[in-house]
Amino acid sequence: MRPACSFARYFIRKSIHRFQRRNLLTLAIETSCDDTSVAILEKHQNGAASLHFHSKITSDNRSYKGVHPLVAHESHQQVLASLINEALRSLPISTTSAAPEHTVFVRNQHGGETKRKPDFITVTRGPGMRAGLITGVDTAKGLAVAWQIPFLGVNHMAAHAITPRMVSALEFESKESSDTLEATPAFPFLSLLVSGGHTMLVHSRGLCDHEILANTMDIAIGDMIDKSSLQILPANIIENAGSVSYGPLLEQYAFSNLGSENESESAGSENGLQSSIENPSWTFKKPLMNPGPEGLKVFEGAFSFSGTGSQAQRFMAQNPEMPHSERRLLAREVMRIAFEHLASRVITALKRDGMERIKTLVVSGGVASNQFLKQVIRKTLDSNGHKEKRLVFPPVKFCTDNAAMIAWVGIEMWEAGYRTHWDAMALRKWAIDPRADDGGILGVGGWDTNCKIL
Ligand code: AMP
Ligand code: ZN
């Protein structure tokens, strides 16, 4: 057994060691769409991460049945400052020996506390809705100037793509290991980004190098699901919805009451979707199946969802009194068609040269919380000889828009040496692929070239 004095020495050594090792601390702001989110994230020297604060407020767009840019903008303006104010209370307590320039006094009902000042502010610079982005970027600049610390304007889609790396760092913390963690998945990996605004299959080779292998030609999958839900879901479900993200309600409706209406299949059953309803009055056409002048090949790098959405709307318009059992079948068909379409592009991509190196497919964005999507992707991979590919679905709270993922990409960019210049502006459009017209993440202006050779 270790004697008491040796224990004391051990703890003093340990705390000195801890103090000498510098952890990175950032406060992050996300305002690119209808969610106002703030996070405080710390990355420790061993690679683990701690999320000290994470909160978001979604603007109420229900009367518009979809995100209205003005409503979203006003909500960012109303709630961002108080969210940041609340976040400051969760900053780690400052050590007594910390220099005043590394501390910030945060008021509370008992007076206040001296906290550790973040090392830098991270903010979503784009892509997204311009007004919301400007609210976030200007607030970030204001905080950074007042605190005399740098700020980093990061790409929202890159943040979605590397979210699982943050999740691995957060999980590592709970293990309290003294080993060093390399965040996973390691580059390269494939990501399907499936949200209300985007549908992309991305080959992530590095922090700033994401090649887009397939992108939507028309609307995003989440947008199609929301629009179809408005038609398929019974009116009372829409009226009582808590937000305009109707996807979870459609999923719940589609797979509820199975069995009670003589529908014996479940989401996990072998064929999953065959129904006891014989000969429904409708059949869906699969997307992008009619060869164009250059044949089917031109579509390999493309998704299309608007056709599936308009077919669903047409079927409902033709039969507005459609019974529940048939509506449920229709809801499942919409999802099946869209999810199999996603999966087909993954399989095509995996046939490309060099893809043997890919061990992981990440599926993120709001739609990734759909359990049926998980089944379709896994099943398609398995039946096409990719049983060994790892599928990663980040937890739902990190799949939808959130400031934690913005903080994490900020920390990875910071560690790689990138800094943003004060003159950087919000970017409504900002590609993540260096081959894009704007040059991708590093192609746009606003990077502080004194800090990093770009
Ligand atoms: P995001 O744009 O990443 O915030 O995600 C929001 C989008 O994801 C909306 O279009 C939602 O309807 C959709 N979504 C969220 N959960 C689900 C789900 N369980 N099934 C289908 N779509 C979903
Ligand atoms: Zn997003």
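Ligands are counted one by one from 1 in listed order, and the atoms in each one are counted from 1 as well. Since we're looking at a predicted model, the values are computed, not measured.
Where the criterion is an N or O separation shorter than 3.5 Å, residue side chain and backbone included, V194 fails it with respect to ligand 1. For ligand 1, none of its N or O atoms has an N or O atom of I225 under 3.5 Å away. Annotation: G197 places no N or O atom under 3.5 Å from an N or O atom of ligand 1; distance criterion only. Checked against a 3.5 angstrom limit, the closest N/O atoms of D226 and ligand 1 fall inside it. Here's the thing with S369: one of its N/O atoms is less than 3.5 angstrom from an N/O atom of ligand 1. Some N or O of G247 is nearer than 3.5 Å to an N or O of ligand 1, by distance alone.
Taking a cut-off of under 4.0 Å to the non-hydrogen atoms of N370, the atoms of ligand 1 that pass are 18 (C), 19 (N), 20 (N), 21 (C).
Expressed to the nearest 0.5 Å, how far CD1 of I121 lies from OG1 of T26 amounts to 6.0 Å. Note that the CD1 atom of I225 and the CG atom of L250 stand 7.0 Å from one another [nearest 0.5 Å].
When each of Y418, W414, F151 is checked for a ring-ring contact (aromatic ring centres under 6.0 Å, His included) with F120, only W414 meets the rule.
Of the listed residues (D34, V334, L250, D401), the one carrying the non-hydrogen atom nearest atom 4 (O) of ligand 1 is D401. Nearest to atom 11 (C) of ligand 1 by heavy-atom distance, out of A254, S245, C33, is S245.
Contacts with ligand 1 closer than 4.0 Å are made by heavy atoms of both the backbone and the side chain of V367.
The aromatic rings of F284 and W282 sit perpendicular, their planes meeting at an angle over 60°, well past the 30° parallel limit.
For D401, the N/O/S atom at the shortest distance from the Zn ion (ligand 2) is named OD1.
Rounding to 10 degrees, one finds that the Zn ion (ligand 2) sits at the corner of an angle of 90° between H160 NE2 and H156 NE2.
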